[in-house]
Amino acid sequence: MGRVYLDERAVKFALKKAREKVRRCVRGLDRDSVCEVVNELTVSFAGRPQWVARGLARYMLQTVKPLNLRVKAWLVQGVPALGDRHASYLVWLDGDKYKCTCFTHAYGYVRQARICTHIAAVMFYRRQRRLGEEE
């Protein structure tokens, strides 16, 4: 995946829509498969609705591409407007834990401890694929 810059307006729009969706899901106003993931992540990562929204925005921007489903690995396109400094990030499952190459970059220990939004985007992607709702 080459370095593709997403239009900053598109990123801001996706973030706005993702925040609205998270609010609607948490309040029970929407009840769809995306809300199932939003609610699961909100419970698992209590107090981090912004993190859930950023992960959802990455998913909405279609930044996740399967790399190797046999070993469960995905490439997540970097989005400079979301603070990414690299063109892409590798996310993979190591046993039952997600890992991301951003853990090895600056402030990686913080991302690892709090789980990065690259991983959140993969969680949304995998769930929607499992439900057959992803093209």
Side-chain angles (χ1 to χ4, degrees):
M1 182 180 315
R3 184 81 155 164
V4 177
Y5 287 93
L6 294 165
D7 180 86
E8 194 167 327
R9 287 177 295 163
V11 175
K12 285 182 180 181
F13 181 76
L15 274 171
K16 178 183 176 191
K17 290 298 181 184
R19 287 181 187 122
E20 289 172 7
K21 183 66 173 179
V22 168
R23 275 193 295 274
R24 292 185 62 75
C25 293
V26 169
R27 292 179 181 160
L29 301 174
D30 286 354
R31 297 184 188 279
D32 56 22
S33 62
V34 170
C35 285
E36 289 179 27
V37 181
V38 166
N39 291 328
E40 286 173 22
L41 294 177
T42 301
V43 168
S44 297
F45 302 95
R48 299 201 46 213
Q50 284 299 101
W51 175 83
V52 175
R54 288 171 65 89
L56 179 55
R58 285 182 185 280
Y59 168 74
M60 291 166 55
L61 291 165
Q62 299 179 344
T63 62
V64 179
K65 304 289 183 237
L67 187 62
N68 187 329
L69 295 179
R70 192 176 51 185
V71 295
K72 297 184 179 169
W74 302 265
L75 206 55
V76 179
Q77 177 184 341
V79 181
L82 293 176
D84 292 334
R85 299 198 185 278
H86 298 276
S88 60
Y89 298 85
L90 177 64
V91 173
W92 70 97
L93 264 175
D94 183 11
D96 63 345
K97 293 210 179 250
Y98 284 98
K99 305 277 177 125
C100 182
T101 54
C102 77
F103 295 170
T104 63
H105 302 150
Y107 303 106
Y109 57 91
V110 174
R111 288 186 196 99
Q112 185 171 2
R114 300 188 76 194
I115 302 187
C116 64
T117 58
H118 309 116
I119 289 173
V122 169
M123 290 173 166
F124 278 105
Y125 177 84
R126 289 189 71 210
R127 177 64 178 259
Q128 295 310 102
R129 295 280 299 181
R130 220 176 7 253
L131 295 173
E133 295 181 13
E134 179 72 30
E135 285 110 37

Enquirer: Any side-chain heavy-atom pair from Asp32 and Cys35 closer than 4.5 angstrom?
Expert: yes
Enquirer: Nearest 0.5 Å, what's the CD1-NZ distance between Ile119 and Lys97?
Expert: 10.5 Å
Enquirer: Which heavy atom in Tyr89 sits nearest to a heavy atom in Gly78, and how many Å separate them?
Expert: CE1-CA, 3.9 Å
Enquirer: Shortest non-hydrogen contact from Val79 to Asp84?
Expert: N-OD2, 2.7 Å
Enquirer: Could you check whether the rings of Trp74 and Tyr98 sit parallel, tilted or perpendicular, using 30° and 60° as the cut-offs?
Expert: tilted
Enquirer: Check side chain to side chain contact (heavy atoms under 4.5 Å, CB included) between Ala120 and all other residues, then give those that pass, not counting sequence neighbours.
Expert: Trp51
Enquirer: How would you list, by chain and number, every residue that makes a salt bridge (charged side-chain N to carboxylate O under 4.0 Å, His left out) with Lys16, sequence neighbours excluded?
Expert: none
Enquirer: Partners of Arg9 by salt bridge (charged side-chain N to carboxylate O under 4.0 Å, His left out), sequence neighbours excluded?
Expert: Asp7
Enquirer: For the residue pair Gln128 and Val34, what are the closest heavy atoms and their distance?
Expert: NE2-CG2, 3.9 Å
Enquirer: Run the numbers on Glu40 and Met123 for side chain to side chain contact (heavy atoms under 4.5 Å, CB included), then give the verdict.
Expert: CA-CA 10 Å; Glu40 286 173 22; Met123 290 173 166; over 6 Å; no
Enquirer: Look up atom CD in Gln77 and atom CG in Leu82, then write down how far apart they are to the nearest 0.5 Å.
Expert: 10.5 Å
Enquirer: With sequence neighbours excluded, what pairs up with Asn39 under the side chain to side chain donor-acceptor pair (under 3.5 Å) test?
Expert: none
Enquirer: Indicate the atoms forming the closest heavy-atom contact of Leu56 with Phe124, along with that distance.
Expert: N-CE1, 3.6 Å
Enquirer: Please report the shortest heavy-atom distance between Val76 and Val64, naming the atom on each side.
Expert: CG2-CG2, 4.2 Å
Enquirer: With sequence neighbours left out, what residues match Arg23 under side chain to side chain contact (heavy atoms under 4.5 Å, CB included)?
Expert: Arg19, Glu20, Arg27
Enquirer: Could you work out, with side chain to side chain contact (heavy atoms under 4.5 Å, CB included) as the rule, every residue matching Lys12, not counting sequence neighbours?
Expert: Glu8
Enquirer: So, using disulfide (SG to SG under 2.5 Å) as the criterion, who are the partners of Cys100 when residues are at least two apart?
Expert: none
Enquirer: Can you see which heavy atom on Arg54 is nearest to which on Leu15, and at what distance?
Expert: CG-CD2, 3.9 Å
Enquirer: Nearest 0.5 Å please: distance from the NE2 atom of His118 over to the OG1 atom of Thr63.
Expert: 8.0 Å
Enquirer: Test of understanding: with side chain to side chain contact (heavy atoms under 4.5 Å, CB included), list the residues that count as partners of Asp94, not counting sequence neighbours.
Expert: Trp92, Lys99
Enquirer: Holding to side chain to side chain donor-acceptor pair (under 3.5 Å), I want the full list of residues that pass it with Arg24, two or more places apart in sequence or in another chain.
Expert: Asp30
Enquirer: Rounded to the nearest 0.5 Å, what's the gap from NZ on Lys17 to CE on Met60? Could you check?
Expert: 8.0 Å
